[in-house]
Amino acid sequence: MISQIPAMTPLSVQEKQKMESNMLNKLLGAAAMVAVAYAVVPANAAKMGGGCSGPNLAKTESMIDTMADGEGKIMAQKEIAMAQDAMLNGKMGACGMHLSKAMHAGMAK
């Protein structure tokens with residue numbers, strides 16, 4: 001015997017599919033927002049304090065030159081090289097991101 005109370009009746013297949021589709025849409029929307037935020041943050045980092053400029057690159061390079069040889073110095077040198085390449089290609093967001101990583105690698109060790 002099936003109850004006539006709407007809250008007690010089982011969901012139809014169409015209602016289940018609609019709920020699953022709605023949840024999928026929400027998940028895709030959230031993933032899209034995360035992707036946009038992830039793309040904007042490095043570009044914004046270049047405009048903030050670190051900025052990709054010749055003087056900042058030179059300052060970071062001189063800081064790295066004074067570091068003791070080791071894994072941290074090698075990683076920082078690679079980041080500087082990638083920052084210079086990005087700067088030459090006009091990718092200021094990527095340049096700022098690599099420069100920031102190089103600075104952090106230099107401060108870590």
Side-chain angles (χ1 to χ4, degrees):
M1 183 179 222
I2 298 177
S3 174
Q4 296 298 322
I5 303 171
M8 299 294 287
T9 58
L11 294 176
S12 70
V13 173
Q14 290 177 340
E15 289 173 333
K16 284 183 181 180
Q17 287 176 342
K18 185 177 179 182
M19 285 177 52
E20 289 173 2
S21 175
N22 193 16
M23 289 188 331
L24 183 61
N25 285 340
K26 287 180 182 179
L27 180 62
L28 289 174
M33 288 191 298
V34 168
V36 168
Y38 187 72
V40 171
V41 169
N44 193 30
K47 295 177 186 174
M48 301 306 272
C52 187
S53 65
N56 284 346
L57 275 168
K59 180 180 173 184
T60 306
E61 278 183 294
S62 65
M63 179 187 70
I64 292 168
D65 286 340
T66 62
M67 288 175 63
D69 290 340
E71 196 175 308
K73 184 173 183 175
I74 293 169
M75 189 176 84
Q77 288 172 332
K78 287 180 183 179
E79 291 293 339
I80 286 289
M82 288 188 280
Q84 289 172 338
D85 186 52
M87 185 178 183
L88 292 173
N89 290 320
K91 298 177 181 176
M92 301 310 277
C95 176
M97 179 185 66
H98 289 299
L99 187 59
S100 177
K101 285 182 181 180
M103 287 180 192
H104 288 293
M107 290 179 197
K109 296 208 176 199

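Nearest heavy-atom pair, Met63 versus Ala102, reported as atom, atom and distance to 0.1 Å: CE-O, 4.3 Å. Summarising the geometry of Cys95 relative to Ala83, their closest heavy-atom pair is SG-O, 3.3 Å, with the distance given to 0.1 Å.
The backbone N or O of Lys59 sits less than 3.5 Å from a side-chain atom of Ser62, completing a donor-acceptor pair. Remark: the backbone N or O of Asn56 is paired with a side-chain donor or acceptor of Thr60 at under 3.5 angstrom.
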Hey, can you pull the donor-acceptor pairs under 3.5 Å for the side chains in residues 73-80, sequence neighbours left out?
unit_1: Lys73; atom_1: NZ; unit_2: Met67; atom_2: O; d: 3.3
unit_1: Lys73; atom_1: NZ; unit_2: Asp69; atom_2: OD1; d: 3.2
unit_1: Glu79; atom_1: OE1; unit_2: His98; atom_2: ND1; d: 2.7

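In this structure, the separation between CE on Met87 and OG on Ser53 is 6.5 Å, given to the nearest 0.5 Å.
In the hydrophobic cluster analysis, where Ile, Leu, Val, Met, Phe, Trp and Tyr join through side-chain heavy atoms closer than 4.5 angstrom, Leu57 is grouped together with Ile64.
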